Amino acid sequence: MLNEMRFGTMKQSSIEAFRRLTREIHYTDGIGATELFPRREDVDRSNSSRLNALNTNGWSYNAVDGGTVDPLQREKLLSNFMATKHIVIKQDAQVMLIKNMDESLVNGSMGIVQGFCHKPLFDVDFNGKWVRDMNMDDLSEEEREKKEKARALMESKLSSTTPLPVVRFKVPGGFRDQIIDFEAFKVELPNGEVQASRSQVRKRSA
């Protein structure tokens, strides 16, 4: 049936079988259904439309490209990468991982952007929830003052850098907040030569 669809030669029986699958689906995890499109331009158009509808703060991320082949050939190789040259990410956007991180967060994992944070300041509590500010309730006044000064100094040093997105992923048994860093995507020969590489955040709009 899928091959019939790919080649545009749908039998009436296949069309009816697909239509029988039509029903309203209710989601309880806040993650919307993934839409499939035949062309990358259609995917980008849909993602841009959803992103533009969000009235929230966001950041843009430019990839760093490299490789040993000539620029024209490298661009052809890079055009096949899931990681794009430029990406804009907003708070509350639904996103999808495009590279494995560990056993529970894998290529295809979906989540919602909770906000943005610099990596040295990112922390989670014992439930896996992002702790946006230091919990200093149990500290003495002197210890609290030292912690606040240290954080202020760190924030000052990081003020000229772009914060990274923090995503809440649905995982077995609950959810998990994770900061998403830059990751290298590459085309590599058996001898280790990297023909084309791109360093970009390992996710895209979903």
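Since this is a predicted model, take the numbers as computed values, not measurements. Basis for what follows: all heavy atoms, side chains included, without hydrogens, waters or symmetry-related copies.
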Please round to the nearest 0.5 Å and tell me the distance separating atom [atom1] of [X] and atom [atom2] of [Y].
X	Y	atom1	atom2	result
Gln178	Arg168	CD	CZ	12.5 Å
Phe116	Ile180	CZ	CD1	11.5 Å
Ser14	Gln12	OG	CD	9.0 Å

Let me check something: do [X] and [Y] share a hydrophobic cluster, defined by ILVMFWY side-chain heavy atoms less than 4.5 Å apart, either directly or through other members?
X	Y	answer
Leu189	Val69	no
Leu21	Met5	yes
Val166	Leu121	no
Val124	Val167	yes
Val106	Ile98	no

Just checking [X]: does its [atom1] atom have more than 12 heavy atoms from other residues, nucleotides or ligands closer to it than 6.0 angstrom?
X	atom1	answer
Glu16	CD	yes
Asn3	CG	yes
Glu103	CD	no
Met10	CE	yes

Donor-acceptor pair, [X] side chain versus [Y] backbone, under 3.5 Å?
X	Y	value
Lys119	Leu164	no
Glu143	Ser140	yes
Ser49	Ser46	no
Asp70	Leu72	yes
Gln94	Met110	no
Asn100	Asn107	yes
Thr56	Gln91	yes
Asp177	Trp130	yes
Arg198	Ala83	yes
Arg50	Ser48	no

- Starting from the C-alpha separation in whole Å, work towards a yes-or-no answer on side-chain contact (heavy atoms from CB on, under 4.5 Å) for Gln114 and Arg132. CA-CA 10 Å; Gln114 301 298 299; Arg132 300 184 186 228; 3.8 Å; yes
- Does the pair Leu2 and Phe7 meet the rule for a side-chain contact (heavy atoms from CB on, under 4.5 Å), with working shown? CA-CA 9 Å; Leu2 291 175; Phe7 291 106; over 6 Å; no
- Query: Stepwise, does the salt bridge (Lys or Arg N to Asp or Glu O under 4.0 Å) test hold for Lys85 with Glu75?
  - Reply: CA-CA 10 Å; Lys85 180 74 174 175; Glu75 285 304 313; 5.5 Å; no
- Item | Qualifying residues under side-chain contact (heavy atoms from CB on, under 4.5 Å), relative to Thr162, sequence neighbours excluded | Trp59, Tyr61
- Counterpart residues, side-chain contact (heavy atoms from CB on, under 4.5 Å), relative to Thr161 (two or more places apart): His118, Leu158
- Give the intermediate values and the outcome of salt bridge (Lys or Arg N to Asp or Glu O under 4.0 Å) for residues Asp65 and Arg74. CA-CA 9 Å; Asp65 296 339; Arg74 185 174 69 188; 5.9 Å; no
Considering only heavy atoms from C-beta outward, does the side chain of [X] approach that of [Y] to under 4.5 Å?
X	Y	value
Ser109	Met96	no
Leu97	Leu105	yes
Glu183	Ser199	no
Asp181	Val201	no
Phe81	Gln200	no
Phe185	Leu78	no
Asn47	Phe37	no
Lys90	Asn57	no

- Message: Run the side chain to side chain donor-acceptor pair (under 3.5 Å) test on Thr68 and Gln195 for me, step by step, so that the C-alpha distance in whole Å, both residues' side-chain angles and the decisive distance to 0.1 Å come before the verdict.
- Response: CA-CA 5 Å; Thr68 59; Gln195 292 187 301; 5.8 Å; no
Over all heavy atoms of both residues, which pair between [X] and [Y] is shortest? Give the atoms and the distance, please.
X	Y	answer
Gly30	Ile112	O-CD1, 4.0 Å
Arg176	Ser104	NH1-OG, 2.7 Å
Asn62	His86	OD1-ND1, 2.6 Å
Cys117	Ile179	O-CD1, 3.4 Å

- Intermediate values then yes/no, salt bridge (Lys or Arg N to Asp or Glu O under 4.0 Å), Arg39 and Asp44: CA-CA 9 Å; Arg39 300 180 304 169; Asp44 292 339; over 6 Å; no
- Message: Assess the residue pair Arg45 and Glu41 against the criterion (salt bridge (Lys or Arg N to Asp or Glu O under 4.0 Å)); give the C-alpha distance rounded to whole Å, side-chain angles, the decisive distance to 0.1 Å, and a yes or no.
- Response: CA-CA 6 Å; Arg45 189 180 303 111; Glu41 307 92 89; over 6 Å; no
- Item | Pair Glu4-Thr9, side-chain donor/acceptor within less than 3.5 Å | no
- When you measure from the centre of the six-membered ring of Phe175, is the NZ or CZ of Lys129 under 6.0 Å away and within 45° of the axis? no
